[in-house]
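Structure record follows, encoded as C-alpha cells.
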Amino acid sequence: MDVMNVLEIYDKLRAHFGRQYWWPAETPFEVIVGAILTQQTAWKNVEKAIINLKKLDLMTPEVIAASNLETLEKAVYTSGFYRQKALRLKKISEYLVKNYNGNLSRFFSRDTMEVRKELLGLDGVGFETADSILLYAGCKRIFVIDAYTKRMCRCMKPGGSEVHDGYENLRHFFENNLPEDIELYKEYHALIVELGKNYCKTKPDCEKCPLRRIAKL
DNA sequence: ACCCAGGTGGCCC
DNA sequence: GGGCCACATGGG
C-alpha cells in the first residue's frame with residue numbers, strides 16, 4: 001500500500017464522514033467545561049450535564065466559582081468521575097476569575113505557548129484537554145492528539161514507517177505536515193474521533209484494522 | 001457480566 | 001520516560 005500522508009487521510013475521512021461541526025458550544029467557557037466533562041466519557045453523558053448546568057445558570061466562570069460544590073456535583077453527575085470533575089471545574093473557574101476577571105478573551109490573547117503552559121498547570125488539564133481548549137475555545141492553531149489519533153497512526157503510518165510516539169512528537173508531526181488552517185485542524189480531530197467511534201472498536205491490530213478500509217475508499 | 005467512552009494525576013521504578 | 005491504578009456513570 002502506498003504511503004499516505006496526513007492530508008490524504010484527512011481527505012478520505014472528510015469524504016466518508018462529511019463535516020462534523022465541532023465543537024458544539026455557545027461560548028469558549030462552555031468548551032472548557034465540555035473538555036473537562038468529556039474526559040474518558042461518552043459525549044452523550046456530557047450533554048446531559050451541560051443541560052443541567054445551563055438550567056441552573058452555571059455556565060460562566062463567575063457563577064461556578066461562587067457555586068456550592070454539591071450542587072455542581074449533582075449537575076455533572078451523569079458525566080462520571082463527578083466529584084473530581086465538579087471540583088476541577090470549580091478550581092478552574094476560580095482561577096479564571098481571580099487572574100482574568102473571568103474574561104476568556106483576555107485569557108487567550110497572549111502567546112499561545114504561554115497560555116498552553118498555564119492550562120497545563122491547572123488541575124485536570126493534561127495535553128489533550130489543554131489543546132482542545134486552545135483549538136476549539138481559543139481558536140489557536142494547535143493539533144489535538146487523542147487515543148484514536150495514536151491508534152490511527154499505528155495503523156496507517158502516515159508519512160512512512162518512522163512510527164510516531166509520544167504526545168508532543170505526534171502533535172508536531174501533524175502540525176508540520178498540514179496546511180496552517182485552523183478550521184482544518186478542528187475538523188480533522190473531530191473526524192478522527194468519529195472514525196474511532198464507528199470503526200475502531202477492534203484492537204489495534206494493524207493488518208485487519210477497519211481504518212485501512214476507510215482510507216482506501 | 002463484562003467492555004468502552006472525545007483523560008488526568010499520583011505513585012512506582 | 002513508561003506502566004499501573006483510581007476516578008464513576010451510562011450504553012452496548
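For the residue pair A:Ser79 and A:Lys48, no side-chain donor N or O sits within less than 3.5 Å of a side-chain acceptor on the partner.
B:dA5 has no stacking from A:Trp43 on its base ring, since the centres under 5.5 angstrom apart and planes within 30 degrees of parallel are not both found. Remark: ring of A:Trp22 stacked against base of B:dG6; centroid gap under 5.5 Å, plane tilt under 30°.
Nucleotides of DNA chain C nearest to A:Phe81 and A:Lys44 differ in position, and the one nearer the 5' end is that of A:Phe81.
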| What string of B, S and - do you get for nucleotides 8-13 of chain B, 5' to 3', when a contact is any protein heavy atom under 4.0 Å? | SS----

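For A:Lys54, the NZ atom sits in a packed shell: over 12 heavy atoms of surrounding residues, nucleotides or ligands are nearer than 6.0 Å. Remark: A:Lys140 NZ is packed, more than 12 non-hydrogen atoms of other residues, nucleotides or ligands lying under 6.0 Å away.
Counting only heavy atoms from C-beta outward, the side chains of A:Tyr148 and A:Lys197 approach each other to under 4.5 Å. In this structure the side chain of A:Leu7 reaches within 4.5 angstrom of the side chain of A:Leu184, judged on heavy atoms.
Near DNA chain B, defined here as any heavy-atom distance below 4.0 Å, there are no residues from residues 179-188 of chain A. A heavy atom closer than 4.0 Å to some atom of DNA chain B occurs in no member of residues 45-52 of chain A.
From the 5' end on, the contacts that DNA chain C makes with chain A at under 4.0 Å to a non-hydrogen atom open and close at C:dC7 to C:dG11.
At a threshold of 4.0 Å, the pair A:Arg171-A:Glu175 counts as salt-bridged, since one of the basic side-chain nitrogens sits closer than that to a carboxylate oxygen. Salt bridge absent: A:Glu73 and A:Lys85 never bring a charged side-chain N and a carboxylate O closer than 4.0 Å. The residues A:Glu168 and A:Arg116 are annotated as salt-bridged, a charged nitrogen and a carboxylate oxygen being separated by less than 4.0 angstrom. We find that A:Lys12 and A:Glu8 are not joined by a salt bridge, their nearest charged nitrogen and carboxylate oxygen being 4.0 Å or further apart.
A donor-acceptor pair under 3.5 Å links the side-chain atoms of A:Thr78 to the main chain of A:Asn45, judged by distance alone.
One interatomic measurement links the two molecules: CD1 of A:Ile192 to P of B:dA5, which rounds to 15 Å at whole-angstrom precision. The nearest whole Å value for the distance from the CG atom in A:Asp131 to the P atom in B:dG6 is 18 Å. Spacing between atom CZ of A:Arg171 and atom P of B:dG7 amounts to 18 Å, rounded to whole angstrom units. Between the CG atom of A:Leu191 and the C1' atom of B:dG6 there is a distance of 13 Å, rounded to whole Å. Between the CZ atom of A:Phe17 and the C1' atom of B:dG6 there is a distance of 14 Å, rounded to whole Å.
Here, C:dG1 and B:dG6 have their P atoms 28 Å apart, quoted to the whole Å. For the P atoms, the distance from C:dA8 to B:dG10 is 15 Å, rounded to whole Å. Of the P atoms belonging to C:dC4 and B:dC3, the separation is 16 Å, rounded to the nearest Å.
By the 30° and 60° cut-offs, the orientation of the rings of A:Tyr82 relative to A:Tyr77 is tilted.
Each of A:Phe143, A:Trp22, A:Tyr10 was scored for a ring-ring contact (aromatic ring centres under 6.0 Å, His included) with A:His189, with one residue passing: A:Trp22.
Residue pairs that meet the ring-ring contact (aromatic ring centres under 6.0 Å, His included) test with at least one member in residues 104-126 of chain A, sequence neighbours left out, are A:Tyr100-A:Phe107.
Of the side-chain N and O atoms in A:Tyr148, one or more sit less than 4.0 angstrom from OP1 or OP2 of B:dA5.
Remark: A:Phe81 engages no residue in a ring-ring contact (aromatic ring centres under 6.0 Å, His included) (not counting sequence neighbours).
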